[in-house]
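Some notes on the structure that comes next.
Chain naming here is simple, since letters A, B, ... match the order of the sequence lines and numbering starts at 1 in each.
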Amino acid sequence: MDPHLLKKLNAARRARQAAVMITDLEDGRDRVVMKGDPLAGTLGEAVASVFASGKSGAVEIEGSRFFLNVHVPSPRMTIIGAVHISQVLAPMAQMTGFDVRVVDPRTAFATPERFDGVDLVADWPEDALKDRPVDAFTAVVAVTHDPKIDDWPLISALKSNAFYVGALGSRKTHARRVERLTLQGVSESEIGRIAAPIGLDIGAQSPAEIAVAILAQVIGALRRPAGTGKG
Amino acid sequence: MTGIAAEEQIDPLMVAERWMLEGREVAIATVVATWGSAPRPVGSHLVIDEEGNFHGSVSGGCVEGEVISEAAGVIADGQPKMLEFGVADETAWRVGLSCGGKIEVYLERVG
């Protein structure tokens with residue numbers, strides 16, 4: 001492995017950029033390809049496919065064997081609202097490999113006792129997310145259904161390439177949300193990206209069941225982006 | 001933030017870079033294919049230095065010893081090597097891949 005490529009790959013990983021290390025298993029030569037780098041031909045297709053699946057593997061192309069080691073950042077889940085649902089959703093999401101942060105400016109909700117072992121920030125989302133910008137590997141889950149807390153992170157998630165944006169609230173609550181966001185200049189197609197009512201429709205009732213419905217929907221959006229929409 | 005720092009400490013490729021910057025000779029082993037119930041997924045790394053210090057895992061412990069001893073040769077001559085371990089294989093039996101799988105490990109020097 002070329003030492004420069006090792007440095008380049010690690011730098012990309014620190015910056016949470018997806019990258020593939022391609023190694024020619026016949027002659028040992030390697031190269032690093034970043035997501036979005038143009039790469040033509042059969043190898044290009046194979047690289048696109050490992051970026052999409054996140055699964056590394058060996059491929060044979062025109063008699064040569066290549067190993068494609070894909071490095072994608074661990075998915076993040078930013079939960080807006082230190083509510084009952086978040087208390088169960090946060091540990092469940094951690095168990096499934098998400099890097100979770102819970103944000104709520106209401107200090108009565110955002111207490112360490114209620115969120116043991118969870119990255120919890122008792123501050124406004126505008127401030128709490130400064131060091132943690134929303135990227136393509138982030139899911140934003142807004143569950144306060146309080147406009148002055150949820151709206152800003154929702155808008156910012158919709159303007160970013162977050163792989164999932166969901167918001168809690170009845171259809172009526174969501175209709176009012178749509179009106180507010182429209183007034184703030186969010187387009188119809190952007191608003192259409194919000195999963196609302198949040199979570200898969202499994203008839204969930206308790207906070208834990210709702211958390212399962214949300215988590216399942218988020219995982220679907222992460223692993224099968226084409227097949228999973230909202231609701 | 002502490003989470004990221006902790007990950008840098010245990011991530012094999014980060015460790016490989018650190019060792020390299022310290023002037024150590026480093027080899028990287030990578031699982032490139034698995035069959036059956038392999039304990040570590042494709043893409044997993046084990047890094048080894050010229051003194052046999054190692055970090056990471058390609059098999060959950062069962063073939064590491066063999067990979068580490070092969071690494072000395074790869075570091076010395078710079079020629080990458082493909083190693084195969086499986087239950088049907090005499091070597092694998094000796095090194096104890098008792099999990100019933102088969103793995104292919106690519107071993108290369110950094111630099």
Crowding at [atom1], [X] (>12 non-hydrogen neighbours, <6.0 Å):
X: A/R14; atom1: CZ; result: yes
X: B/N53; atom1: CG; result: yes
X: A/R29; atom1: CZ; result: no
X: B/F54; atom1: CZ; result: no

Quick one: pull up [atom1] in [X] and [atom2] in [Y] and give me the separation to the nearest 0.5 Å.
X: B/M82; Y: A/E26; atom1: CE; atom2: CD; value: 8.0 Å
X: A/H71; Y: B/L13; atom1: NE2; atom2: CG; value: 5.5 Å
X: B/I28; Y: A/T23; atom1: CD1; atom2: OG1; value: 9.5 Å

Original post:
Between A/L9, A/D99, A/L6, which shows the greatest number of heavy-atom pairs under 4.5 Å with chain B?
Top reply: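 The candidate making the most pairs under 4.5 Å is A/L6.
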
Original post:
Do you know which of A/K55, A/H4, A/R65 has the most heavy-atom pairs with chain B at a distance under 4.5 angstrom?
Top reply: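 Answer, by heavy-atom pair count under 4.5 Å with chain B: A/R65.
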
Subject >> Which atoms of B/Q79 approach chain A - backbone, side chain, both or neither, heavy atom under 4.5 Å >> reply: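 B/Q79 has no heavy atom closer than 4.5 Å to chain A.
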
Original post:
Which region of B/A33, side chain (C-beta onward) or backbone (N, CA, C, O), has a non-hydrogen atom less than 4.5 Å from a non-hydrogen atom of chain A, or is it both or neither?
Top reply: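 B/A33 touches chain A through side-chain heavy atoms alone.
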
**OP:** Measure distances from A/N10 to the heavy atoms of chain B and classify the residue's part below 4.5 Å as side chain, backbone, both or neither.
**Re:**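 Contact with chain B involves both backbone and side-chain atoms of A/N10.
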
Subject >> Proximity breakdown for A/D119 and chain B, heavy-atom pairs closer than 4.5 Å >> reply: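 Nothing of A/D119, per the 4.5 Å heavy-atom cut-off to chain B.
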
Original post:
Quick one: which residues of residues 17-26 of chain B reach chain A at under 4.5 angstrom, heavy atoms only?
Top reply: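 So far as heavy atoms go, B/E17, B/M20, B/L21 are the residues that approach chain A to under 4.5 Å.
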
Original post:
Can you check side chain to side chain contact (heavy atoms under 4.5 Å, CB included) on B/E108 and A/D30, steps first, answer last?
Top reply: CA-CA 11 Å; B/E108 62 187 319; A/D30 40 30; 3.8 Å; yes

Subject >> Considering all heavy atoms, the nearest A/G28-B/P80 contact >> reply: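 Result for this residue pair: CA-CG, 4.2 Å.
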
**OP:** Check B/V31 against A/F67 and note the closest heavy-atom contact, atom names and distance.
**Re:**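 That would be O-CZ, 3.5 Å.
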
Original post:
If you tally heavy-atom pairs under 4.5 Å against chain A, which of B/V42, B/T34, B/V32 wins?
Top reply: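 Highest number of pairs under 4.5 Å: B/V32.
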
Hey, can you pull the donor-acceptor pairs under 3.5 Å for the side chains in residues 36-49 of chain A, sequence neighbours left out?
{"residue": "A/D37", "atom": "OD2", "partner": "A/M34", "partner atom": "N", "Å": "2.9"}

